[in-house]
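The figures here come from the full heavy-atom set of this structure, side chains too, leaving out hydrogens, waters and symmetry mates.
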Amino acid sequence: MNRTQLDDDRDLARRIVSGSEVAFEEFFREYFPRLYRFVLLRVRGDASVAEEIVQRTMCLVVRKLSGYRGEALLFTWLCRICRNEIASVVRERQLESQDGIPLEDNPGVQAALQSLSPEAGPERLRRTEEIARFVRVTLEHLPARYACALEMKYIRGCSVDEIAETLNVSSKAAESVLSRARAAFREGFRSLWDFEPDFLLE
């Protein structure tokens, strides 16, 4: 687990609890769209239901934030609360939830994963395609900076210097971003799909 990210999350939570409007705005900008995408996958793309669930979750989270201890990334903690709200709304409205995989595919992600096992049989390739979809959605839930760094490193095969140039940071800072991005990816993957992403990002 990335300790720096956990420290940042705990600090943000403390500032919100202390009443900082700036911290709350930062929290809202960062997590509302990520939670929205998280929910949208699970309510069959119903935007109005997704927005309602995220609004309910955010209101609940603000009341519960004093109980956040930083044992998991803040996004993971939010997703756990959000899952309960999804279940409540699904029951209230008698909706069908969906924990399935979006139909989109990213050829670059698939190619990168398939290259891990070039002699794989049909079953392994089917599983690889499934994992590729998991990866794509997980990347979309990450902050844009992290997703960009991971895609450049693992999909496009860019060097740390190239990543640094794109992010407009030093090479050392780019390495730090990659480290934090890998930790956030793993944590986000576990939150979304409930199993360990042990197939890449070593």
Query - Atom of Ile163, atom of Ala149 and distance for their closest heavy-atom approach - result: CD1-O, 3.9 Å
Query raised in the report: How about Ser176 and Lys172: do any of their side-chain heavy atoms sit closer than 4.5 Å?
Result: no
Query raised in the report: Is the shortest heavy-atom distance from the side chain of Val62 to the side chain of Phe24 under 4.5 Å?
Result: yes
**Report entry** Distance-minimising heavy-atom pair for Val160 and Ser171
**Finding:** CG1-O, 3.5 Å
Query raised in the report: About how many Å separate OG of Ser170 and CG of Asp161, when rounded to the nearest 0.5 Å?
Result: 10.0 Å
Report summary line: For Pro33 and Phe28, the nearest pair of non-hydrogen atoms, with its separation, is CD-O, 3.7 Å
Report summary line: Contacts of Arg15 meeting salt bridge (charged side-chain N to carboxylate O under 4.0 Å, His left out) (sequence neighbours excluded), chain-then-number -> Asp11, Glu26
Report task. Would you mind reporting whether Arg56 and Val89 have side-chain heavy atoms less than 4.5 Å apart? Result -> yes
Query - Inter-residue atom distance Met152.CE - Leu150.CG, 0.5 Å rounding - result: 11.5 Å
Query raised in the report: With a 4.5 Å limit on heavy-atom distance, are the side chains of Tyr31 and Val61 in contact?
Result: no
Query - Any Glu175 side-chain heavy atom under 4.5 Å of Ser179 side chain - result: no
Requested in this report: Evaluate the side-chain proximity of Asp9 to Trp77: yes if any heavy-atom separation is below 4.5 Å, no if none is.
Outcome: no
Requested in this report: Supply the atom-to-atom distance Ile81 CD1 to Glu85 CD, rounded to the nearest 0.5 angstrom.
Outcome: 8.5 Å
Query raised in the report: Sequence neighbours excluded, which residues qualify as side-chain contact (heavy atoms from CB on, under 4.5 Å) partners of Asn84?
Result: none
Query raised in the report: Of all residues at least two apart in sequence or in a different chain, which pass the side-chain contact (heavy atoms from CB on, under 4.5 Å) check with Glu30?
Result: Arg34, Pro143
Query - Under the side-chain contact (heavy atoms from CB on, under 4.5 Å) test, residues paired with Ala13 that sit two or more places apart - result: Leu65, Tyr68
Requested in this report: Apply the test side chain to side chain contact (heavy atoms under 4.5 Å, CB included) to residues Leu78 and Thr57: give CA-CA distance (whole Å), side-chain angles for both, the deciding distance (0.1 Å), then the verdict.
Outcome: CA-CA 8 Å; Leu78 294 173; Thr57 300; 5.5 Å; no
Query raised in the report: Does Glu51 have any side chain to side chain donor-acceptor pair (under 3.5 Å) partners at least two apart in sequence or in another chain, and if so, which?
Result: Gln55
Query raised in the report: Would you say the side chains of Asn168 and Thr166 form a donor-acceptor pair under 3.5 Å?
Result: no
Requested in this report: For Arg63, check side-chain contact (heavy atoms from CB on, under 4.5 Å) against everything at least two apart and list the hits.
Outcome: Cys59, Leu60
Requested in this report: Working to the nearest 0.5 Å, report the span between CG of Leu73 and CZ of Arg180.
Outcome: 10.5 Å
Query - Verdict with supporting geometry, Val169 and Arg145, side chain to side chain contact (heavy atoms under 4.5 Å, CB included) - result: CA-CA 11 Å; Val169 297; Arg145 189 179 184 82; 3.0 Å; yes
Query raised in the report: Out of curiosity, Glu52 CD to Asp46 CG, how far, rounded to the nearest 0.5 Å?
Result: 9.5 Å
Query - Atom of Cys82, atom of Ile53 and distance for their closest heavy-atom approach - result: SG-CG2, 4.2 Å
Query raised in the report: So do the side chains of Phe27 and Met58 get within less than 4.5 Å of each other, counting heavy atoms only?
Result: yes
